[in-house]
Colleague: 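Below are the structure tokens for one structure; questions will follow.
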Amino acid sequence: LRAVNENRGALIAQTVPTFWTPEEGRDMTFRLLKRYPEVTVIWAASDQLSLGAAEALRIMDIRPGRDVLTGGLDLSLAGLEAVSDGTLTATVASEPLVWAQITVCLYDYMRGIDFIDISDSEIIFTPKVAQKASSREIIRDRKRYKQTDFRKFSRFHNGKSTVYDF
């Protein structure tokens with residue numbers, strides 16, 4: 001909403017509830033573009049919805065990423081690949097390492113080690129925006145994260161550690 005508020009010409013034509021599937025993104029896009037043919041941006045609450053929207057645009061001979069900017073939330077692999085090939089303009093979500101940090105803290109907490117004594121009760125992060133120029137790097141990072149043994153960051157597994165070194 002901030003982007004809309006900061007841009008005089010921007011307008012949210014309509015928001016719709018969905019079940020977050022590509023099929024629903026496609027179907028809603030068909031309906032909404034009949035109602036609002038002047039739309040130039042479709043922003044979805046998930047990459048799956050935005051991929052469905054992009055499919056609808058292609059079927060209607062509208063070029064996603066050129067004629068209508070498309071994007072979503074998730075930083076999913078499918079979304080990142082679509083950003084890389086120009087189908088989506090962007091995908092946004094929290095940095096995957098934030099979720100690893102939260103998981104490690106909760107893992108330790110479930111084993112009797114309270115993280116609040118050495119860290120804030122809030123984990124504040126800046127959303128990660130993947131655009132064409134950065135999407136391949138984010139995909140590479142995700143693959144590296146899968147190979148990381150996050151136990152090395154756990155205070156439970158490293159009893160002498162007094163900090164979380166993420």
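Nothing fancy with the numbering, it's 1 onward along the sequence.
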Colleague: Compute whether any side-chain donor of one residue and acceptor of the other, for S154 and D108, lie under 3.5 angstrom apart.
Modeller: yes
Colleague: With a cutoff of under 4.5 Å between side-chain heavy atoms, which Ile, Leu, Val, Met, Phe, Trp and Tyr residues group with L51?
Modeller: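 V83, L88, which link up through side-chain heavy atoms under 4.5 Å apart, make up the rest of the cluster.
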Colleague: Report yes or no: do L77 and I138 belong to one cluster of Ile/Leu/Val/Met/Phe/Trp/Tyr joined by side chain heavy-atom distances under 4.5 Å?
Modeller: yes
Colleague: Are F153 and T148 packed together at the side-chain level, in the sense that at least one heavy-atom pair is separated by less than 4.5 angstrom?
Modeller: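 Answer yes - side chains close enough.
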Colleague: By the side chain to side chain donor-acceptor pair (under 3.5 Å) test, which pairs, at least two apart or in different chains, include something from residues 3-12?
Modeller: none
Colleague: Are any non-hydrogen side-chain atoms of F150 and L97 less than 4.5 angstrom apart?
Modeller: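 Yes. Closest side-chain heavy atoms under 4.5 Å.
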Colleague: Would you say R144's side chain and R140's backbone share a donor-acceptor pair under 3.5 angstrom?
Modeller: no
Colleague: Taking atom OH as the centre, does Y109 end up with more than 12 heavy-atom neighbours from other residues, nucleotides or ligands that are less than 6.0 angstrom away?
Modeller: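 Not more than 12 within 6.0 Å, no.
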Colleague: So, taking the atom named OG1 in T29 and the one named CZ in R58, what distance separates them when rounded to the nearest 0.5 Å?
Modeller: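 Here the interatomic distance stands at 11.0 Å.
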Colleague: Applying the 4.5 Å side-chain criterion to the ILVMFWY set and letting contacts propagate, would L75 and L73 be lumped into a single cluster?
Modeller: no
Colleague: What residues form a side-chain hydrogen bond (donor to acceptor under 3.5 Å, both in side chains) with S94, not counting sequence neighbours?
Modeller: W99
Colleague: Taking the side chain as every heavy atom from C-beta outward, state whether E24 and F19 have any atom pair closer than 4.5 Å.
Modeller: yes
Colleague: In the hydrophobic cluster built from side-chain contacts under 4.5 Å, what are the other members alongside L33?
Modeller: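 Besides L33, the hydrophobic cluster comprises V16, M28, F30, L32, Y36, V39, I42, L57, I59, M60, I62, V68, listed by chain and residue number.
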Colleague: How about I113 and Y107: do any of their side-chain heavy atoms sit closer than 4.5 Å?
Modeller: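 Not in contact.
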Colleague: Under a 4.5 Å cut-off applied to non-hydrogen side-chain atoms, are V104 and Y164 in contact?
Modeller: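 With C-beta onward as the side chain, the pair touches.
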Colleague: Which residues pass the side-chain hydrogen bond (donor to acceptor under 3.5 Å, both in side chains) test with D67, sequence neighbours left out?
Modeller: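 Testing D67 for side-chain hydrogen bond (donor to acceptor under 3.5 Å, both in side chains), a comparison that skips the adjacent residues, returns R63.
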Colleague: Between E55 and R26, is there a donor-acceptor pair closer than 3.5 Å when you use the side chain of the first and the backbone of the second?
Modeller: no
Colleague: Between S134 (side chain) and A130 (backbone), is there a donor-acceptor pair under 3.5 Å?
Modeller: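 Not at all, since once roles are kept as given, no pair shorter than 3.5 Å links the two residues.
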Colleague: Report yes or no: does R35 contribute a side-chain atom to a donor-acceptor pair with the main-chain N or O of Q14 at less than 3.5 Å?
Modeller: no
Colleague: Nearest 0.5 Å, what's the OG1-CG distance between T70 and D47?
Modeller: 10.0 Å
Colleague: Given the rule that I, L, V, M, F, W and Y join up when any side-chain heavy atoms are under 4.5 Å apart, are V98 and L106 in one cluster?
Modeller: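 V98 and L106: one cluster.
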Colleague: Any donor-acceptor pair under 3.5 Å linking the side chain of D74 with the backbone of S46?
Modeller: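 Checking the backbone N and O of S46 against the side chain of D74, no donor-acceptor pair under 3.5 Å is found.
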Colleague: Between atom CG of D85 and atom CG of L80, what is the distance when rounded to the nearest 0.5 Å?
Modeller: 11.0 Å
Colleague: Check the pair E95, Y145 against side chain to side chain contact (heavy atoms under 4.5 Å, CB included), reporting the backbone distance first and the verdict last.
Modeller: CA-CA 11 Å; E95 176 69 48; Y145 300 155; 2.9 Å; yes
Colleague: For R151, what residues pass the salt bridge (Lys or Arg N to Asp or Glu O under 4.0 Å) criterion, not counting sequence neighbours?
Modeller: D149
Colleague: How long is the gap from OG on S50 to CG on L69, to the nearest 0.5 Å?
Modeller: 12.5 Å
Colleague: Before accepting this row, confirm whether a basic side-chain N of the pair R136/E81 lies closer than 4.0 Å to the acidic partner's carboxylate O.
Modeller: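 Yes, this pair counts.
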